[in-house]
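As a basis for the values below, the full set of heavy atoms in this structure was taken, side chains included, without hydrogen atoms, waters or symmetry mates. All of these numbers come straight from a predicted model, not from anything done at the bench.
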Amino acid sequence: MRKLACNGSTMHIIGARLSPPQPTIQSFSGRVGSSGLNYLCTGDSLGFVRYWDFNSSSKCFTVSGLRNSQPRPVYENIEWGSGKVTLCRELPVPDVSYSNLPKSMMQNGSVGRPENRHRDAILDIKKIEYPTKGLLTSSRDGTIKLWK
């Protein structure tokens, strides 16, 4: 809780979040059925695009949204009541000093390839089959991307 003084004698207590707001799913596309092909693609408020396979957590992955220094998250299934829940656990970003790396390893001020991700919330996501298979995403940053 944080206290704020207002009009000299009046004190208002407001609940201040001690942690940043959690991402929310803004868009999704998927298929759930009896054929064994049960998946969901999600786009969230932080610009992450994820593929969720409900049959096997080892087939889940993050399509986009990770920064170059950010490790890949771990997906796992846990038993929940009479079913299971698939979780995405993000690992902490390592504290790495890039000052000792050779300039040949640096690209656009970062290590490795340039980041290829949306810079804002994913507003829509569609699976496409023609002219090529992939995911089509649009974002509040004004970009549309095709993920193969």
Between [X] and [Y], what is the shortest heavy-atom contact and its length?
X    : Y    : value
P73  : E90  : CB-CA, 4.1 Å
K145 : W147 : CD-CZ2, 3.4 Å
S138 : I144 : CB-CG1, 4.1 Å
R50  : D44  : NH1-OD2, 3.2 Å

Answer yes or no: is there a donor N or O on one side and an acceptor on the other, between the side chain of S45 and the main chain of T24, under 3.5 Å?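 Checked: pair present.
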
Taking S139 for the side chain and D120 for the main chain, is one N or O donor matched with an acceptor at less than 3.5 Å?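 Side chain of S139 to backbone of D120: a pair is present.
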
Which atom pairs, donor and acceptor, lie under 3.5 Å between side-chain atoms of residues 124-134 and protein residues at least two apart or in another chain?
from: K127; atom 1: NZ; to: Y39; atom 2: OH; distance (Å): 3.4
from: K127; atom 1: NZ; to: E129; atom 2: OE2; distance (Å): 3.4

Assess the residue pair Y75 and T62 against the criterion (side-chain contact (heavy atoms from CB on, under 4.5 Å)); give the C-alpha distance rounded to whole Å, side-chain angles, the decisive distance to 0.1 Å, and a yes or no. CA-CA 10 Å; Y75 291 87; T62 301; 2.8 Å; yes

Under 4.5 Å between side-chain heavy atoms, hopping through other hydrophobics if needed: is there a path connecting F61 to V74?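 In one cluster: no.
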
Are V63 and L136 connected in the hydrophobic side-chain network, where two residues link if heavy atoms are under 4.5 Å apart?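 No: no chain of side-chain contacts under 4.5 Å links V63 to L136.
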
L66 vs R72 side-chain heavy atoms within contact, under 4.5 Å: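 A side-chain contact exists here, since the closest heavy-atom pair is under 4.5 Å.
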
Atom OG of S64 and atom CD1 of I122: how far apart are they, to the nearest 0.5 Å?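 S64 atom OG to I122 atom CD1 measures 6.5 Å (nearest 0.5 Å).
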
Roughly how far apart are T137 OG1 and Q26 CD, rounded to 0.5 Å?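 That separation rounds to 13.5 Å.
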
Below 3.5 Å, can you tabulate the donor-acceptor pairs from side chains in residues 79-89 to any protein atom, sequence neighbours excluded?
from: K84; atom 1: NZ; to: F54; atom 2: O; distance (Å): 3.1
from: T86; atom 1: OG1; to: N77; atom 2: OD1; distance (Å): 2.6
from: R89; atom 1: NE; to: E76; atom 2: OE2; distance (Å): 2.2

Given H118 and T143, is the side-chain contact (heavy atoms from CB on, under 4.5 Å) satisfied, shown in steps? CA-CA 7 Å; H118 286 290; T143 60; 3.0 Å; yes

